[in-house]
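To find a chain, count down the sequence lines: A is the first, B the second, and so on, and within it residues start at 1. For clarity, every value in this text was computed on a predicted model and none was experimentally measured.
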Amino acid sequence: MKYQLVKQQPAELPDFLQNLNPEQRKAASTTDGPLLIIAGAGSGKTRVVTFRIAYLLEKGVAPYTILALTFTNKAAQEMKERISAMVGGNTAGKVWAGTFHSIFARILRSEAEHLGYSSSFSIYDSDDSLSVIRSVMNTLGISQQQVPPQGVRSRISGAKNQMIGWQRYAAEAANILEKQTGQIYQEYEKRLRTNNSMDFDDLLLNMIVLLNNFPDILKKYQERFVYIHVDEYQDTNRAQYVAVKLLASGHHNLCVVGDDAQSIYKWRGADIRNILDFQKDYADASIVRLEQNYRSTKTILSAADSVISNNRKQLAKKLWTDNPEGSKITILPARDDREEADMILSSVRSEMNDNFLTAKDFAILYRTNAQSQALEDALRRANIPYTIVGGMSFYKRKEVKDTIAYLRLLVNPSDSESVLRVVNEPPRGLGQTSIQHIKTYADERNITIFEAFEQGQLIGSIQKRAGQAAENFTELVKRFREVKDSLPPAELAVRFVEATGLLKMFKDENTEESLDRWNNVQRLLSNIVEMETREENATLETFLQQIALVSDTDDTDMTQNKIALMTMHAAKGLEFPVVFIAGMEQGLFPMGRAENNPEEHEEERRLFYVGITRARTKLYLSHAERRFKFGELTYAQPSKFIGEISDHLIEYKTGNSPYQKPTPVKQHVVRQQEVKVTRTPFFDDIPQEESYSQIPPEPLTNLRVGLKVRHAQFGVGTIQALTGEGAKAQALVYFATVGKKHLMLQYAKLQPV
DNA sequence: TGGCCGAACCTGGTG
DNA sequence: GGTTCGGCCA
């Protein structure tokens, strides 16, 4: 069988393709024409795509004619690194590999004039969009109580992802809410235009407008991108689908990779039909199925399979593995979120000791970011290193956003959002009233806010002092705009931010919080310095574009020896030896609102499938009888998803918690399955501190499992386990030279390295 | 104008 | 539990 396949393939296939299995090899070497790779979880998808690109490069294809689109920066990063490792950084660096948003932003940046933007357009993130929407609603006199701005934003974004403009949206509006949304949508678009700004959705939409309206440009990019790859194709939305189709209709060499079972982004417009209908769209498409899983044990894979088989819509495929049976899936039933965290930690501890694992071998996954709190507390108390992927983003902090807004002012004078954001930060004596008058003044004369500020003293409706303050502000910005191109970006940014008084304000306030903010601003500024050393022709514009498109999911360093905490969404594409999925409860996972909606319910199930298949050797599922939500104690039943896993794959860890069952809480307000009480009664009843912790105390040394240490005789090794106390304390250390050694700490004198 | 306080929202996930 | 917004007062 193997022989025959080798014979079928032309002999000139490079050696490195021999490292792939027959299907993988077929996928990597089928370079011409449309190709659909259905890649099950853990089937070596990224490997195949990178091998394919390496193969193309090997064949002499020019790197800058290869386009690879991903959804996350992380995926793009990984792809670039792997290609680099195979063909060298020089060639790899020229491949167009990046997220849809970043690649399109790059193209739009250079073609901006065609669309009536300047190339220094700002990119608004969802918070920026939201504040524009709020401001629009104020102008239109639409109450934010009656019409939640968040909902407006998601409806507008949804429309944009379906490529529905405000005209059509307004025309098709079926109820008052949609009519109002249409109104806001129209004004919102106008604002972004005059601000010379695009939101995330515009990056996709404007790309399509560009390709549709300018045949020359379409031709240019169709010719440039000879080989196009799209990762996670099941997650593409309408706009992405159309853009890809336009680009690929030149050379028809479109390779899409995806797994319908891992489609978890319907809520942001992903259309699963894009992958289901690929063969209809591209009649001559080849299809390759990657069904061998190299990641997980048979147990984990069967569990994933038994869960996903409850979904109806699926592409035919059957994952299998040669990996061992592995141990059963362990359920951790906890009384509350705190005990859940402790049970997870004690499992971490015993896995570390029994199987010589270190922190980086573990991931704790959850449905909502809010769940990280209890887990973090426990990890901190136990002194176990951890890292949070995603969550409250550094770039979403107020002080960081303010700094970014200041920097945007230097490059994009039309960006009124940014002007208004920082004009009184630090306080410059320009309150809401004055600003409202200046806005009116600007509207009447059809000038930008910034221009109105420049004429501050001429504005009759505001006080002299406010007018002066407005002018001073513009002077400050203009002073730095003038020197913008003669200073290196980092120096420009540092001096400008210094001059704004933002840093001084935080210093003067001198509270823990304000110093923290000061630090964050410094951290952002040092990012510019870093970029400057990394890229030769770095400008403030490129910096702003880069940070507009990064999320915190991306810049977490997963190589550090830390336990990773993240949502299951953020975990897609990753794998860990041991995975915990926390919060397996009805109403939390699956989420409450998915309960009565079959489609959403199936999406939740696919998310669970993604979560399960992150695990290589061991999976734990935990649930709590009650947990804090919005500062309130809520009760829930274990998730029905647990019941979808075949019984023989599961074992229960019995609740052997030494702490006493708390006295029943008084005054329940019962609604369906949930019981809510206020926080106080429950916590007053039980001792606050570690009395019920199952975690053994930390050894009193600076040594930790996972730590690299030097031994006089054996050299450098890694601590696999620590046992005993005082004079009996022992470490199990793995040395590259001599293998595992049990060492008495009082004699061995291990030095951390 | 700006600071303080309570109310109301939030948390469903990403670029 | 945190954050943001709006109202009230100095």
Side-chain angles (χ1 to χ4, degrees), chain A residues 69-76 98-105 123-131 134 138 144-145 148-151 154 157 160-161 198-204 232 235 237 239-240 264-270 337 365-374 376-377 389-393 395-398 424-435 462-463 465-466 469 513 545-554 566-572 583 587-594 600 603-604 606-607 610-611 627-634 678-679 683:
Chain A
L69 296 167
T70 65
F71 272 83
T72 62
N73 291 303
K74 199 165 48 186
T99 61
F100 274 94
H101 291 89
S102 69
I103 297 279
F104 288 4
I123 298 172
Y124 283 0
D125 67 18
S126 42
D127 288 346
D128 298 329
S129 300
L130 195 61
S131 63
R134 288 214 166 96
N138 276 337
Q144 300 187 22
Q145 257 70 47
Q150 197 65 256
S154 73
S157 174
K160 285 186 163 190
N161 286 326
M198 300 190 195
D199 65 17
F200 285 140
D201 305 315
D202 289 332
L203 295 175
L204 309 178
E232 309 281 10
D235 287 335
N237 61 35
Q240 285 159 327
I264 53 176
Y265 286 108
K266 189 180 187 323
W267 53 273
R268 66 162 196 215
D337 41 3
L365 309 182
Y366 34 78
R367 183 59 180 67
T368 66
N369 278 310
Q371 287 167 256
S372 71
Q373 197 67 50
E376 272 183 87
D377 289 346
V389 182
M392 173 58 180
S393 151
Y395 296 99
K396 281 188 175 145
R397 290 167 192 276
K398 183 180 183 307
N424 209 30
E425 198 74 36
R428 296 191 172 87
L430 279 165
Q432 270 190 342
T433 336
S434 306
I435 286 175
I462 59 171
Q463 302 198 341
R465 269 173 55 187
E513 193 197 341
Q545 178 182 325
Q546 280 174 23
I547 58 173
L549 296 172
V550 300
S551 66
D552 268 15
T553 331
D554 307 313
M566 71 191 98
T567 64
M568 278 171 276
H569 283 91
K572 189 151 87 154
L588 182 59
F589 189 35
M591 288 242 73
R593 72 178 90 166
E600 282 198 42
E603 176 143 316
E604 293 285 303
R606 288 192 295 269
L607 185 60
V610 168
R627 71 172 64 243
F628 281 101
K629 256 190 208 170
F630 307 122
E632 276 187 322
L633 201 57
T634 58
T678 50
R679 171 154 206 147
F683 261 88

[N] [atom2] sits how many Å from [X] [atom1], rounded?
X	N	atom1	atom2	answer
A:M566	B:dG12	CE	C1'	17 Å
A:K396	C:dT4	NZ	P	12 Å
A:K266	B:dG13	NZ	P	18 Å
A:F628	C:dG1	CZ	C1'	9 Å
A:I435	B:dG2	CD1	C1'	12 Å
A:Q150	B:dT11	CD	C1'	10 Å
A:D201	B:dT14	CG	P	15 Å
A:Q373	C:dG2	CD	P	8 Å

Could you check which of [options] has an atom nearest any side-chain atom of [X]?
X	options	value
A:T368	B:dG2, B:dT14, B:dG12	B:dG12
A:R268	C:dG1, B:dT14, B:dG15	B:dT14
A:N369	B:dT11, B:dG13, B:dG2	B:dG13
A:T567	B:dG13, B:dT11, B:dG12	B:dG13

Item to check | Base-paired stems in DNA chain C, each at least three Watson-Crick or G-U pairs under 3.5 Å | outcome: B:1-9 with C:2-10
Checklist entry - Would you call the rings of A:Y265 and A:H569 parallel, tilted or perpendicular, where under 30° means parallel and over 60° means perpendicular? => result tilted
For the side chain of [X] and the backbone of [Y], is there at least one donor-acceptor N/O pair under 3.5 Å apart?
X	Y	value
A:Q240	A:N237	yes
A:K74	A:A570	yes
A:N73	A:L549	yes
A:T567	A:R367	no
A:N424	A:L430	yes
A:D377	A:A374	no

Checklist entry - Closer to the 5' end of DNA chain B via nearest nucleotide, is it A:A370 or A:H101? => result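 The 5'-side residue here is A:A370.
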Checklist entry - Mapping A:E600 and A:S126 onto DNA chain B by nearest heavy atom, which one lands closer to the 5' end? => result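 Closest to the 5' end, via its nearest nucleotide, is A:E600.
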Checklist entry - Say you draw a straight line from NZ of A:K572 to CZ of A:R606; how long is it, rounded to the nearest 0.5 Å? => result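 A:K572 atom NZ to A:R606 atom CZ measures 10.0 Å (nearest 0.5 Å).
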Next on the checklist: As an exercise, state the distance from CE of A:M198 to CG of A:D128, rounded to the nearest 0.5 Å.
Outcome noted: 14.5 Å
I'd like a list of close polar pairs between nucleotides 5-10 of chain C and the protein, N/O only, cut-off under 3.5 Å.
unit_1 : atom_1 : unit_2 : atom_2 : d
C:dC5  : OP1    : A:R134 : NH1    : 3.4

Could you tell me whether [X] contacts a base, only the sugar-phosphate backbone, or nothing, with contacts defined as non-hydrogen atoms closer than 4.0 Å?
X	answer
A:E232	nothing
A:Y265	sugar-phosphate
A:Q463	nothing

Checklist entry - Does OP1 or OP2 of B:dG2 have a side-chain N or O of A:N424 closer than 4.0 Å? => result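 Answer yes for this pair, as a side-chain N or O of A:N424 is under 4.0 Å from OP1 or OP2.
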Checklist entry - Would you say a side-chain N or O of A:N73 is under 4.0 Å from OP1 or OP2 of B:dG15? => result no
Item to check | NZ/NE/NH1/NH2 to OD/OE distance under 4.0 Å, A:E632 and A:K629 | outcome: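 Judged by the 4.0 Å cut-off on N to carboxylate O distance, A:E632 and A:K629 do not form a salt bridge.
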Checklist entry - Do A:W267 and B:dG13 share a donor-acceptor pair, side chain to base, under 3.5 Å? => result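 Side chain to base: pair present.
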